[in-house]
Engineer: 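For reference, the structure I am asking about is given below.
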Amino acid sequence: MYRAVPAQVDLPALEHEVLAMWDDEDVFAESVRQAEGRPLWVFYEGPPTANGTPGTHHVEARVFKDVFPRYRTMKGYYVPRSAGWDCHGLPVELAVEKELGFTGKQDIEEYGVAEFNAKCRESVLRHVDEFTDMTRRMGYWVDFDGAYWTMDKDYVQSVWWSLKQIFDKGLLSQDHRVAPYCPRCGTGLSDHELAQGYETVVDPSVYVRFPVRADEDLAKRHPGLSLLVWTTTPWTLVSNTAVAVKPDATYAVVRTADGETLLVAEELAPALFGEDHTVLETFPGTALERVRYERPFDYVDIPDAHFILLADYVTTDDGTGLVHQAPAFGADDLVTCRRYDLPVVNPVRPDGHFASDVPVVGDMFFKKADETLIADLEQRGLMFRHVPYEHAYPHCWRCHTPLIYYAQPSWYIRTTARKEQLLAENENTNWFPDTIKWGRYGDWLTNNVDWALSRNRYWGTPLPIWRCPDDHLVAVGSLAELSELAGRDVTDTDPHRPYVDDITIPCPTCGAEAHRVPEVIDGWYDSGSMPFAALGYPHRNADAFAQQFPADFICEAIDQTRGWFYTLMAVNTLVFDQSSYRNVVCLGHILDEDGRKMSKHLGNVLAPIPLMDEHGADALRWFMLASGSPWQARRVGHTAIADVVRKTLLTYWNTVSFQSLYARTAGWEPAAGAPAPADRPVIDRWVLSEAQQMAHEVDLALESFDTQRAGRLLSSFVDDLSNWYVRRSRRRFWDGDPAALATLHEALRTVTLCLAPFTPFISERVWQDLFRPTEADAPRSVHLAPWPAWRPELVDEQLSAQMDLVRRLVELGRAARATATVRTRQPLRRALVSAPGWSALPDDLRGQIAEELNVLTLESLGEESAGLVDVSAKANFRSLGRRYAKQTPLVAEAIAAADPAGLATALRSGGTVTIEVPEVGSVEITDEDVVVTETPREGWAVVTEGGESVALDLKIDEELRRAGVARELVRALQEGRKTAGLEVSDRILVRWATDDPDIVRTINDHRDLIAAEVLASSFEEGDGEGSTIETDLPVTLVIQRA
RNA sequence: GGGCCUAUAGCUCAGUUUGGUUAGAGCGCUUCCCUGAUAAGGAAGAGGUCGGUGGUUCAAGUCCACCUAGGCCCA
């Protein structure tokens, strides 16, 4: 026996019960365990940074990470899934610094690295709990007990091992380069970190005069000549070393309206000076090489410098075509200046402040110096123009400090050396959506630059390289290896700073004492190592790794193209010569209701747990999976989610509740048996066929990671089931018809299983209420059940098409009633139908139309009513166009001109008609080529669409009218039953009283029908106890429970 | 400056792969209908230059080119 399913449901409360049940019965673990030995389907969880509170965008990715493993499990795969936590890195350090009130590295050093790292570890553990709560609440099944932590000792040693592989391949090296650097955090940033931190800022844009030295020939020809140099970083002018020009551009000496003489690229002169200037002389950039000038500031000593040099990268798109060179602060500048053997002078300290001994700007933060320097240039008359300039400038993605491009020593992984291989691996990867593969991600790979791996920080995987005073380097792959090198057992050491820093080894090359280099590594390398490091490979779990590499599926949001998607591919391709994932689903971002990014700043962040406790996790999940396109940025808000509940979840729930109500009322059990599907009424066969098709197509959609399509299929099936199958079959349920009950049971079983991966809570509850109690061998959870078996013998495509026709005809009939303003409750004598396929429609289906439209008979419009109709014929371009292409309009014209009635008659019998078309000749027309529309003439309500017509006979005689009144009485009584709070199976006593002879006659004529409809065991004239029914008819009705 | 995505009803979005002559749904609004599961359902109405221009084609929301605007990413 089914459990009773109330019509009203509190979804969030239901979900909490289901969560408790999963815990009690250990369902998730069992779903994995019972699949052991089956084919593996490998999923990798991208570790969230255990820092800060999870947001609704975390729910998005996690819904997708859940739905496909659940689906694959149902399809018979073994899908183990471990949680993972990204523990290291600047975000954690920053959070701890903030807690402790620190402002920089010096505070950390004073506090003690060991103590600071202990705080970091503590902070990670704290934040992981919040993620765990959110993850459980949303029903994301992932194994927390087997979670990997990037700070675990074994994890760190696996990372070390992989770095040693890369070092041994000659791909890990130290280099001095100009790279983005955060002066606050005191560390360089990798390119994927840089990518996350561009902010639009207003910087000064300055055009500065650099006077050409008086002893230069050029200055002799043009006394008072200055170079006009443009920069948006005035603070770098202190270190001006040279000026670069484009060798193949044309430069001009220009006299301005003010009579001043300036040197700029010729094509930029109009933009700079307007039309009012005179070009005195032009020459190519090459002619300017080594022309000396007076530098703007002489605060620091830069020997043998300050002349013009040539560089191809200079453009004449904007600025002046003369580019200021400060090799310590620009990657291009460094390369160019080195070619001319110029010194690299850097007056800025690692903390971003000018050195104390620099005049004027000493100890000033680099950005702050702009103002002072500009004032000075203006005072000395060197400033030509000074305007604010809005542009995107990189900032530290965590602390928002403007970055400085800064020459610094750093460790690099030479990913550029393996670029071709990375591109080849990308070739073998399936991206969803596939545009990412060649677009955003492919583009990123094509423009790959070496990976700046090291960080001058504390809480991270220490770079496992030991160096002796003679710069011999050793890479170490584990603590065991380190013990051997050190000559003592250090395997119990925490591999983090500062402990590992204290271990020294004799240099294997020269025997001198070697120390570990001070850097830790980029946290993104940790997460990219997770395929092997999560298992502690190669130090253990070699077999498991062999099986679980690469992944069949990973999924994150689009910001990870340069994050995890990249590091995962890069690390594993470098170490194993193979990428670590085959299919990658790449989601769009989540925006607020107004289309803005969610940020604490705007106060528009939706906290996930309250959101789920209001609407339910299923609703949020369904929204993420099926509402809009997952690849696109989407707006999330309460209305959109409430809509999911109302539209899909409650419709499903109410169908379940309906089934439970009538099955229980009838005492029906699924085991009681029912006619074989083939022997059931046609509407049953139809819904079973639809269910099969739906399950099959949802299967295919999920196979190709298309949850949106799957969702559409599911919700439209739920709608069909509730608003067509149940609606049309209600009476059979009241009677406890086993065929109907069995059919709905089977249809609900199919849809419940298909919904399980999407909405695991409500489907679990339905499983517990309907299926677990009534099937002897039912799994104890829907999530332990297999995907519905494909039963093609139940599919009937012809029936499906016929039902579509029926539903279209019903629509036309309703529209006809509306135009005639005859309400549906009033029976009509007959309806006439004209539609292709009508004659083949089984009587059962015709009956559905008649009942739905409340007409006594249905007739074909063509058969006996020839005189009543107007016939028109229209060309079907789709079929004609294929044959006649260019001549289609001519043929169409000829069809329109032909006698439509004759055409229709000939074509209806399946024949063909030959018509003569000018310029084309004889054309043979079949019924496919023509849309025939028949329209009745007078006294009829007709609606026609696409060649299908329904006409209602509007004549209402006394008999029909009274039948209508009877039906009105029935409706009023039913309404009364409901208001009185009666159960649907309760019998009632009815008393009626009226002065209206017409009502008396109606009741006398229809007494049995009315009594049967409202379950009245007595239906008598007179007064009685009970509830009085409200009705617009002149009659008093009183009902009472029998 | 480059790459990618997006542009369809007041709002949120389908439809574009495979071109076919009345472009759909939901929400909201108006009117009506139906109700023995439903916080439902149905019909009609108002509401569309399918971002713009040009092209290909007998035929373009759909294919092509260019442009505009917005978003994301890179420089």
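Labels below follow one simple rule: chain letters A, B, ... track the order of the sequence lines, proteins then strands, and each chain is numbered from 1.
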Engineer: Tell me the interatomic distance from A:R814, atom CZ, to B:rG45, atom C1', rounded to whole angstroms.
Structural biologist: 18 Å
Engineer: Can we say A:E968 and A:R971 salt-bridge, meaning some charged N sits less than 4.0 Å from an Asp/Glu carboxylate O?
Structural biologist: yes
Engineer: Rounded to the nearest angstrom, tell me the gap between atom CD in A:E852 and atom P in B:rG42.
Structural biologist: 11 Å
Engineer: Under the ring-ring contact (aromatic ring centres under 6.0 Å, His included) test, which residues partner A:W622, sequence neighbours left out?
Structural biologist: A:F758
Engineer: Quick one: ring-ring contact (aromatic ring centres under 6.0 Å, His included) partners of A:F623, sequence neighbours excluded?
Structural biologist: none
Engineer: Quick one: side chain to side chain contact (heavy atoms under 4.5 Å, CB included) partners of A:E614, sequence neighbours excluded?
Structural biologist: A:H638
Engineer: Got a sec, which residues hit side chain to side chain contact (heavy atoms under 4.5 Å, CB included) with A:S729, two or more places apart in sequence or on another chain?
Structural biologist: A:I683, A:Y725, A:R732, A:F733
Engineer: When you check every protein heavy atom under 4.0 Å of nucleotides 29-39 of chain B, what one-letter string (B, S, -) results, 5' to 3'?
Structural biologist: ----SSSBBBB
Engineer: Nearest whole angstrom, please: distance from the C1' of B:rG42 to the CZ of A:R728.
Structural biologist: 13 Å
Engineer: Kindly express the pairing pattern of RNA chain B in dot-bracket notation, using | wherever a base pairs with another strand and counting only Watson-Crick or G-U pairs under 3.5 Å.
Structural biologist: (((((((..((((......[...)))).(((((.......))))).....(((((..]....)))))))))))).
Engineer: Is the side chain of A:Q848 donor-acceptor paired with the backbone N or O of A:V806 at a distance under 3.5 Å, no angle test?
Structural biologist: no
Engineer: Going by an N to O cut-off under 4.0 Å, is there a salt bridge joining A:E852 and A:R727?
Structural biologist: yes
Engineer: For residues 712-720 of chain A, which side-chain N or O atoms pair as donor and acceptor with protein atoms under 3.5 Å away, sequence neighbours left out?
Structural biologist:
| residue | atom | partner | partner atom | Å |
| --- | --- | --- | --- | --- |
| A:S715 | OG | A:G711 | O | 3.1 |
| A:S715 | OG | A:R712 | O | 3.4 |
| A:D719 | OD1 | A:N723 | ND2 | 2.9 |
| A:D720 | OD1 | A:R807 | NH1 | 3.1 |
| A:D720 | OD1 | A:R807 | NH2 | 3.3 |

Engineer: Under the ring-ring contact (aromatic ring centres under 6.0 Å, His included) rule, collect the residues that match up with A:F705, sequence neighbours excluded.
Structural biologist: A:F68, A:F432, A:F553
Engineer: Can you list the steps and then say if A:Y652 with A:S722 is a side-chain hydrogen bond (donor to acceptor under 3.5 Å, both in side chains)?
Structural biologist: CA-CA 7 Å; A:Y652 166 68; A:S722 169; over 6 Å; no
Engineer: When the P atoms of B:rG52 and B:rG3 are considered, how many whole Å apart are they?
Structural biologist: 24 Å
Engineer: For nucleotides B:rC13 and B:rA7, find the distance between their C1' atoms and express it as a whole number of Å.
Structural biologist: 12 Å
Engineer: For the pair made of CD in A:E811 and C1' in B:rU22, what is the distance, rounded to whole Å?
Structural biologist: 15 Å
Engineer: Rounded to whole Å, please give me the gap between CZ in A:F623 and C1' in B:rC13.
Structural biologist: 10 Å
Engineer: With sequence neighbours left out, what residues match A:W734 under side chain to side chain contact (heavy atoms under 4.5 Å, CB included)?
Structural biologist: A:Y662, A:R730, A:R731
Engineer: Pick the C1' atom in B:rC50 and in B:rC32, then give their distance to the nearest Å.
Structural biologist: 31 Å
Engineer: Can you check the distance between B:rU6 and B:rG42, where both ends of the measurement are the P atom (answer in whole Å)?
Structural biologist: 31 Å
Engineer: What is the per-nucleotide protein-contact pattern of nucleotides 4-10 of chain B, from the 5' end, where B denotes a base atom under 4.0 Å from a protein heavy atom, S denotes such proximity for sugar-phosphate atoms only, and - denotes neither?
Structural biologist: SSS----
Engineer: List the residues meeting side chain to side chain contact (heavy atoms under 4.5 Å, CB included) with A:T429, not counting sequence neighbours, and say none if there are none.
Structural biologist: A:N426, A:W431, A:M569, A:Y581, A:V584
Engineer: Can you measure A:W431 atom CH2 to B:rG3 atom P for me and round it to whole angstrom units?
Structural biologist: 19 Å
Engineer: C1' atom, B:rG41 versus B:rG26: distance in rounded Å?
Structural biologist: 14 Å
Engineer: Nearest whole Å is fine: how far is B:rG3 C1' from A:K437 NZ?
Structural biologist: 17 Å
Engineer: If you measure only the distance, is there a donor-acceptor pair under 3.5 Å linking the side chains of A:T561 and A:W444?
Structural biologist: no
Engineer: Got a donor-acceptor contact below 3.5 angstrom from the A:E556 side chain to the A:G563 backbone?
Structural biologist: no
Engineer: Take atom P in B:rA37 and the same atom in B:rU18, then report the distance between them in whole Å.
Structural biologist: 47 Å
Engineer: Please measure how far the P atom in B:rG20 lies from the corresponding atom in B:rA39, and state the result in whole Å.
Structural biologist: 40 Å
Engineer: Which whole-number value in Å describes the distance from A:E893 CD to B:rC58 C1'?
Structural biologist: 12 Å
Engineer: Rounding to an integer number of angstrom, what distance separates B:rG28 and B:rU16 when you compare their P atoms?
Structural biologist: 27 Å
Engineer: Does this structure show an ion pair linking A:D804 with A:R808, if we count only N-O contacts that are shorter than 4.0 Å?
Structural biologist: no
Engineer: Quick test: give all pairs of protein nitrogen or oxygen and nucleotides 15-20 of chain B nitrogen or oxygen below 3.5 Å, distance rounded to 0.1 Å.
Structural biologist:
| residue | atom | partner | partner atom | Å |
| --- | --- | --- | --- | --- |
| B:rG20 | OP2 | A:R878 | NH2 | 3.3 |

